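Quantities reported herein were computed from a predicted structural model and do not represent experimental measurements.
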Amino acid sequence: MAWRSCFVLFRLTAQDVLRSSPRGGSRWPHSFQQRYGFKKVARKPESKKVEEELAAEVAPPRRPPTPHPKERPPTGPPDYILRPLIFTVGFTGCSFGAAAIWQYESLKSRVQSYFDEVRVDWLEKVRPQKQLGLRKEINQWWNSLSEGQKTVTGIIAANFLVFCCWRIPSMQRTMVRYFTSNPASQTPCAPMVLSAFSHYSFFHMATNMYVLWSFSSSAVSILGREQFMAVYLTGGVVANFASYLARTATGRFGPSLGASGAIMAILALVCTKMPEAKMSVIFLPMLTFTAAHALMGIVAMDTAGLLFGWQFFDHAAHLGGVLFGVWYIMYGHECIWKNRETFVKIWHEMRTGGGPGRGGANGG
């Protein structure tokens, strides 16, 4: 659930800004003037020019009022959309390109280390096991996880780390600037990625991570871990871009955070691929329904929230993630992932040197 605001957080942030930014240029509070030795000059029958020069020496230099650290002066809808659009397209290409390289390197590493693994397994059978009890239990737990659960463990750990950073008072300004997405921010692009790992409420984070954990095995079995990570990260960016479009169109600028957009992309992908799968709500296990009906219910609720202007959740981000997940499993997989061979060949030639005898296309 991408939350539109955290009232406690931004109440504290607004107070910090008011303390740090002077009002009215040279109109400083009386206590501030006394602290730094500024005293009011007694009026004397002098010329106006002399009075102005004296006031310029006593008063601090005039500075234009600084804008709020989260916002920049509005210059129109194109300024809010153009940079995020370019970033979304570029990030999508980089994500899937990195996933293709990751898959290539993983397969190459598996082939090269095959005989080493066989040797290590043989030695472990010959030598007695000397693992401590706790370490042995951790290894057994890790080996019992599915490939999907192992993949999302890193995502969950990253979300928990960011959640802990929200608890540090000295990091509040940095977290608001880089870990909440806002089209009116001075840095609108980087938070489109970072906010997908950001939660201010523990309940918000726990709910999102539970849903991600529940769908991880199915999603990774469909996509593979490399493609899964590309879809997850791109889904979060696309969801934030959809939120930017909605907020720019309505003029309701404000911060948003949460992994819901990326999770909605994964959920929609699984529900579209397996529409007859049975699902239930954790608090109502006796109520079951198909994945297709669950997806339709989510779309209907978020559409109503977007039309009626509900502010508790970022419904535009939810819909953006759902649309991306449905599009990818129906068309994007064929258009993007299955056409990665050319890119992988270029990387292979760069990686191996390309020439004969050096492991290239014509090498040994």
Margin query: For Val344, give me all partners under side-chain contact (heavy atoms from CB on, under 4.5 Å), at least two apart in sequence or on another chain.
Written below: Ala100, Tyr104, Arg340
Notebook entry, point to check: Who are the side-chain contact (heavy atoms from CB on, under 4.5 Å) partners of Phe308, not counting sequence neighbours?
Noted result: Ala304, Trp310
Checklist line | side chain to side chain donor-acceptor pair (under 3.5 Å) contacts in which one or both residues fall within residues 268-277, not counting sequence neighbours | finding: none
Next item on the list: Check salt bridge (Lys or Arg N to Asp or Glu O under 4.0 Å) between Lys338 and all other residues, then give those that pass, not counting sequence neighbours.
Entry: Glu334
Checklist line | ring pair (Phe, Tyr, Trp, His ring centres under 6.0 Å) partners of Phe202, counting only residues at least two apart | finding: Phe163
Next item on the list: Go through the structure and list residues passing ring pair (Phe, Tyr, Trp, His ring centres under 6.0 Å) with Phe197, not counting sequence neighbours.
Entry: none
Next item on the list: For Leu161, check side-chain contact (heavy atoms from CB on, under 4.5 Å) against everything at least two apart and list the hits.
Entry: none
Checklist line | Pairing residues for Ser198 by the side-chain hydrogen bond (donor to acceptor under 3.5 Å, both in side chains) criterion, not counting sequence neighbours | finding: Trp166
Notebook entry, point to check: Quick one: which of Ile298, Val299, Leu306 gives a side-chain contact (heavy atoms from CB on, under 4.5 Å) with Asp302?
Noted result: Ile298
Next item on the list: List in chain and number order the residues that pass ring pair (Phe, Tyr, Trp, His ring centres under 6.0 Å) with Phe228, two or more places apart in sequence or in another chain; answer none if no residue qualifies.
Entry: none
Which atom pairs, one a donor and one an acceptor, fall under 3.5 Å between side chains of residues 287-296 and the rest of the protein, sequence neighbours left out?
residue, atom, partner, partner atom, Å
Thr290, OG1, His293, N, 3.3
Thr290, OG1, His293, ND1, 3.2

Notebook entry, point to check: Among all residues two or more places apart in sequence or in another chain, which pass the ring pair (Phe, Tyr, Trp, His ring centres under 6.0 Å) test with Tyr178?
Noted result: none
Determine all donor-acceptor pairs shorter than 3.5 Å in which one atom belongs to a side chain in residues 147-158; sequence neighbours excluded.
residue, atom, partner, partner atom, Å
Gln149, OE1, Ser146, N, 3.2
Thr151, OG1, Glu147, O, 2.7
Thr153, OG1, Gln149, O, 2.6

Check: Counting heavy atoms not belonging to Lys345, are there more than 12 under 6.0 Å from its NZ?
Finding: no
Next item on the list: Walk me through it: do Tyr328 and Phe96 pass the test ring pair (Phe, Tyr, Trp, His ring centres under 6.0 Å)?
Entry: CA-CA 12 Å; Tyr328 185 82; Phe96 284 96; 5.4 Å; yes
